[in-house]
Novice: 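Quick one: structure below, then a few questions.
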2 protein chains.
Amino acid sequence: MAAKRVTLADVARLAGLSQTAASMILNGRPDTRLSQDAHDRVNAAAQQLGYRPNVAARGLRTDKTLTIGFISDVVATTRFASGLIKGALEAAEEAGHVMLVLETGGEPAREAEAIAAVLDRQVDGIIFATMRARELFIPDLPAGTSVVMLNATNARYHTSVLPDEEEGGRSAVQLLVDAGHRSGIALIGQNDEVEREVFRSATVARRVAGIRSAMAANDLEFFAEESIWLWEPEDGYRSTKALLERGNDVRALVCMNDRIAFGAYQALGEAGLSVPDDVSIVSFDNDELAAYLRPGLTTVGLPHEEMGRRAVELLLSGQDAGQVLIPMPVVRRRSIAEVPQG
Amino acid sequence: MAAKRVTLADVARLAGLSQTAASMILNGRPDTRLSQDAHDRVNAAAQQLGYRPNVAARGLRTDKTLTIGFISDVVATTRFASGLIKGALEAAEEAGHVMLVLETGGEPAREAEAIAAVLDRQVDGIIFATMRARELFIPDLPAGTSVVMLNATNARYHTSVLPDEEEGGRSAVQLLVDAGHRSGIALIGQNDEVEREVFRSATVARRVAGIRSAMAANDLEFFAEESIWLWEPEDGYRSTKALLERGNDVRALVCMNDRIAFGAYQALGEAGLSVPDDVSIVSFDNDELAAYLRPGLTTVGLPHEEMGRRAVELLLSGQDAGQVLIPMPVVRRRSIAEVPQG
DNA sequence: TACAGTTGCTAAACCCATTTAGCACGCCAC
DNA sequence: GTGGCGTGCTAAATGGGTTTAGCAACTGTA
């Protein structure tokens with residue numbers, strides 16, 4: 001970048017005052033005793049020259065760079081959690097900050113590099129984000145570094161922002177209950193028996209807990225639970241197909257995410273069953289898919305933007321807020337049918 | 001960020017040499033006449049203290065911050081073009097650079113703010129990206145600012161990276177031709193008659209041109225062209241349904257993008273027609289949707305990652321490369337059936 | 001009149017690096 | 001013995017801001 005910028009010295013010179021005076025006036029320092037006239041001259045000069053402070057130079061002295069480091073595994077580069085970035089970017093912009101975005105692919109070596117890179121640039125704080133909520137191990141950071149975990153947790157840094165999965169799980173079941181569903185409900189994507197030993201993520205466990213607690217509270221039971229290792233459409237398709245072939249009377253499906261639900265739609269369609277007249281479906285995430293499906297999929301959404309937003313706000317507020325749970329919004333579309341009572 | 005870092009002065013002190021010597025040695029300056037012993041002592045000291053230079057301080061002197069500004073309308077925050085960011089992020093990382101990511105939502109005021117913000121931080125260059133390739137108007141930048149347009153063009157800054165849509169358009173038609181399709185081919189999403197006056201984007205025009213040139217080269221004609229204003233699944237569904245209801249003998253669809261194709265699958269499914277046995281489909285973008293569909297959708301992909309990558313490489317190389325066209329990869333899945341000749 | 005207290009402003013240090021200019025020493029040649 | 005040169009290193013300037021310490025002039029009070 002060539003073409004030298006206007007500096008504070010230029011402003012001071014034009015205003016006929018010292019650099020000190022110019023600095024104090026432009027920063028609106030309260031206790032200074034500079035005259036109104038001095039204020040006017042400096043402001044006019046700055047205006048006239050189009051002066052903008054050099055953030056790097058200022059940061060050298062003040063240790064504030066108005067810059068946040070956003071380090072994630074694959075958040076920026078996959079579509080699943082890009083809402084996290086969106087919310088964070090917006091909140092940062094509103095606070096007059098800017099975000100350095102780095103991705104590590106979850107590799108420890110790149111992660112260490114990323115941390116060093118943002119620290120070298122004197123960021124005001126770091127947000128660590130993961131696509132799938134999980135405990136994140138991060139190397140030692142200089143004492144005093146502000147950190148917020150986003151969709152992640154960490155033993156040393158307690159401030160973290162997570163979706164309120166337990167409540168979300170309850171909401172999903174409640175949608176079915178409110179529509180009058182009492183039997184023929186299957187869970188697609190999770191089977192506690194089979195998955196006793198697998199750890200998917202801290203939040204999936206909570207989602208399941210919420211689902212089960214709402215089922216129990218309503219005296220309901222799943223007549224089937226299909227375990228799925230990967231939560232992709234293909235898997236949802238196979239799983240639902242297998243369930244259908246076992247010949248049960250399926251009336252409603254709780255799918256662990258929208259991609260599974262997408263596969264379920266495909267299997268149901270092939271079997272000549274219609275959503276929601278024959279089978280109601282409720283799911284999680286509010287993936288863009290959910291709106292594309294016919295009929296639209298009713299789902300309990302991941303509040304990614306709100307989470308990203310809160311992470312930045314917490315980071316800049318500097319307080320240790322512990323775990324902040326963001327409510328998961330219920331997005332009603334047309335995949336749940338009312339069941340006549342009786 | 002508290003906890004003061006190790007500075008060059010610390011290293012110099014520990015090595016028993018001047019700061020000058022330490023700086024020169026750590027930067028590997030060639031013409032210096034410092035002794036091997038001095039080199040060893042400085043390197044050891046830096047190692048021992050875990051010294052990392054303060055990029056901001058260095059940038060103040062050298063005008064290089066190893067930081068790139070990435071300003072886009074909605075690239076980071078929607079899933080459609082996040083590949084652009086991914087490629088750029090990777091290339092930046094490989095070059096030891098870091099990216100400041102800002103989004104403007106396409107609003108001129110936010111754009112001006114974004115430009116000022118990255119300029120205030122002395123970035124080494126700026127990449128302007130758009131989700132839908134288009135001519136982008138940007139305010140005056142200081143002379144000498146390095147700029148690359150990504151998936152966009154600009155009158156003043158000529159270096160831009162775009163998908164090779166014309167060739168991509170040809171590829172799509174060629175897939176059908178190679179499979180033996182000669183008739184019953186419809187175009188979904190574009191009708192030159194209707195859309196004579198609408199400007200979608202520079203690249204859509206090229207895509208269409210490529211499609212038409214390949215059709216002409218093979219002596220083929222579309223028997224129908226469905227214009228669609230928005231390219232969403234819902235629109236693709238309606239459009240295809242309308243086409244089907246007109247009772248033509250549809251054998252193949254060229255869809256302008258994967259979301260339209262998604263809707264086409266739904267309409268075809270409802271009409272009891274199977275892909276690809278009854279109707280073959282080829283499309284564009286290689287959206288993640290394409291892999292979710294059953295059968296998988298054959299599509300000509302947007303090479304977003306490669307584009308992002310090239311944009312960073314061009315920016316850092318500093319040369320004016322004009323328009324760089326990145327080939328669109330053909331992604332073969334199962335939505336095109338072979339037609340028996342005769 | 002003299003001393004203290006305000007008022008209005010500035011010189012200089014500082015942040016952390018890079019870079020320019022140049023010093024001190026040893027050696028060689030004449 | 002001295003001018004010239006190569007060797008090995010450093011003091012100080014620089015980049016663009018913020019901040020501390022303090023100066024000079026004026027006002028008010030005893």
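So that the names make sense, note that chain A is the first sequence line, chain B the second, and so on, each numbered from 1. Hydrogens, waters and symmetry mates play no part in the numbers below; they use all other heavy atoms, side chains included.
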Novice: Output the distance between atom CG (A:L119) and atom CZ (B:R5), rounded to the nearest 0.5 Å.
Specialist: 6.0 Å
Novice: Kindly say if A:S18 contacts the phosphate of C:dT10, meaning a side-chain N or O under 4.0 Å from OP1 or OP2.
Specialist: yes
Novice: Nearest to the A:A57 side chain among C:dG8, C:dC16, D:dG17, which nucleotide is it?
Specialist: D:dG17
Novice: With the side chain counted from C-beta on, respond yes when A:L26 and A:L8 share a heavy-atom pair under 4.5 Å apart, and no when they do not.
Specialist: yes
Novice: Please enumerate all residues that pass side-chain contact (heavy atoms from CB on, under 4.5 Å) together with A:Q48, with sequence neighbours excluded.
Specialist: A:L14
Novice: Is A:Q19 side chain donor-acceptor paired with the D:dG17 base, going by distance under 3.5 Å alone?
Specialist: yes
Novice: For the side chain of A:T20 and the base of D:dT19, is some donor closer than 3.5 Å to an acceptor across the two?
Specialist: yes
Novice: Between the two end axes of the helix from C:dT1-D:dA30 to C:dC30-D:dG1, each built from 5 base pairs, what angle do you get to the nearest 10°?
Specialist: 80°
Novice: For the side chain of B:T7, counting heavy atoms from C-beta on, which of D:dC9, C:dT10, C:dA17 is nearest?
Specialist: C:dA17
Novice: With sequence neighbours excluded, tell me which residues meet side-chain contact (heavy atoms from CB on, under 4.5 Å) with B:T104.
Specialist: B:I71, B:D73, B:R110, B:E111, B:A114
Novice: Quick one: is A:Y51 getting a side-chain N or O under 4.0 Å of the D:dG16 phosphate, OP1 or OP2?
Specialist: no
Novice: Write down the distance between CG (A:D10) and C1' (D:dG16), rounded to a whole number of angstrom.
Specialist: 10 Å
Novice: Round to the nearest Å and state the distance from A:L60 atom CG to D:dT18 atom C1'.
Specialist: 10 Å
Novice: Tell me the interatomic distance from B:L34, atom CG, to C:dC23, atom P, rounded to whole angstroms.
Specialist: 18 Å
Novice: Counting any heavy atom closer than 4.0 Å, what does A:A56 reach on the DNA or RNA strands: base, sugar-phosphate only, or nothing?
Specialist: nothing
Novice: How many Å lie between CD1 on A:I25 and C1' on C:dT10, as a whole number?
Specialist: 12 Å
Novice: Can you measure A:Q122 atom CD to C:dC16 atom P for me and round it to whole angstrom units?
Specialist: 8 Å
Novice: Using a cut-off of 4.0 Å on non-hydrogen atoms, how would the nucleic acid contact of B:R33 be classed: base, sugar-phosphate, or nothing?
Specialist: base
Novice: In this structure, how many angstroms lie between the C1' atom of D:dT10 and the CZ atom of B:R41, rounded?
Specialist: 13 Å
Novice: Does a side-chain N or O of A:N54 approach OP1 or OP2 of D:dG15 to a distance below 4.0 Å, or not?
Specialist: no
Novice: For the side chain of B:R61 and the base of D:dT14, is some donor closer than 3.5 Å to an acceptor across the two?
Specialist: yes
Novice: Under 4.0 Å between a Lys/Arg side-chain N and an Asp/Glu carboxylate O for A:D120 and B:R52?
Specialist: yes
Novice: Less than 4.0 angstrom from a charged side-chain N to a carboxylate O is my criterion; do B:R156 and B:D140 meet it?
Specialist: yes
Novice: Using OP1 and OP2 only, check whether a side-chain N or O of B:S23 sits under 4.0 Å from C:dA17.
Specialist: no
Novice: Go through C:dA17, D:dT10, D:dT18 for me and flag the one nearest to the B:L8 side chain.
Specialist: C:dA17
Novice: Are the charged groups of B:E305 and B:R309 less than 4.0 angstrom apart, N to O?
Specialist: no
Novice: May I ask you to verify if any side-chain N or O of A:R29 is less than 4.0 angstrom from the OP1 or OP2 atom of D:dT18?
Specialist: no
Novice: Mind calculating the distance between CE (A:M24) and P (C:dA12) to the nearest angstrom?
Specialist: 16 Å
Novice: Treating B:R121 as the side-chain partner and A:L66 as the backbone partner, does any N or O pair qualify as donor plus acceptor under 3.5 Å?
Specialist: yes
Novice: Whole angstroms only, please: what is the CZ-P distance between A:R121 and C:dC16?
Specialist: 17 Å
